[in-house]
Amino acid sequence: MAGTADRTGRAGAAGRAEAARRAGVRDWWRARREAAHRDAGMTTSEYAVGTIAAAGFAAVLYKIVTSGAVSGALESVIGKALDAPF
């Protein structure tokens, strides 16, 4: 009979191994879905922390850019760019 297991049971063992692999993949996806549902409430706090961090970074960057040395360097670069011959 073609396609059936021989006396050693190799085809049966291969089939069981494939079924176990599929079950493992199914369990992995199920765990991912459950984890996604558990983390659903954390997005608001993550956005809040990200917004606070961005505002803090913007304040530091503003202080650096408006300092005398950086402001003078930027004015110099812009002045050279505007005076460049075409």
Side-chain angles (χ1 to χ4, degrees):
M1 296 181 131
T4 60
D6 60 4
R7 279 187 261 182
T8 60
R10 276 185 252 155
R16 287 190 299 275
E18 179 64 19
R21 186 191 65 78
R22 286 183 183 165
V25 171
R26 232 178 296 129
D27 292 342
W28 183 84
W29 278 110
R30 183 178 299 120
R32 299 290 62 94
R33 281 192 305 271
E34 290 171 0
H37 290 296
R38 283 193 305 266
D39 291 341
M42 293 182 60
T43 56
T44 302
S45 62
E46 289 170 355
Y47 280 122
V49 170
T51 302
I52 291 169
F57 181 71
V60 170
L61 189 59
Y62 176 77
K63 279 298 210 183
I64 291 172
V65 170
T66 56
S67 69
V70 174
S71 181
L74 285 174
E75 287 178 14
S76 173
V77 168
I78 292 171
K80 288 178 185 176
L82 292 175
D83 290 337
F86 288 99

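Being a predicted model, the structure only gives us computed values, none of them experimental. Side-chain atoms are counted along with the backbone in the values below, which use heavy atoms only and exclude waters and symmetry mates.
Rounded to the nearest 0.5 angstrom, D83 CG and I78 CD1 are separated by 12.0 Å. Taking OG1 of T51 as the reference point, atom OH of Y47 lies at 9.5 Å (rounded to 0.5 Å). Residue K63 holds its NZ atom at 12.5 Å from CG of L61, rounded to the nearest 0.5 Å.
The hydrophobic clustering, which links ILVMFWY residues whose side-chain heavy atoms are closer than 4.5 Å, places V49 and F57 apart. No continuous path of ILVMFWY side-chain contacts below 4.5 Å connects V70 to V77, so the two sit in separate hydrophobic clusters.
Take E18 and apply the side chain to side chain donor-acceptor pair (under 3.5 Å) test, not counting sequence neighbours, and it matches R21, R22.
Within a 6.0 Å sphere centred on CH2 of W29, other residues, nucleotides and ligands contribute 12 heavy atoms or fewer.
Under the 3.5 Å distance criterion, the side-chain polar atoms of T66 are matched with a main-chain donor or acceptor of Y62.
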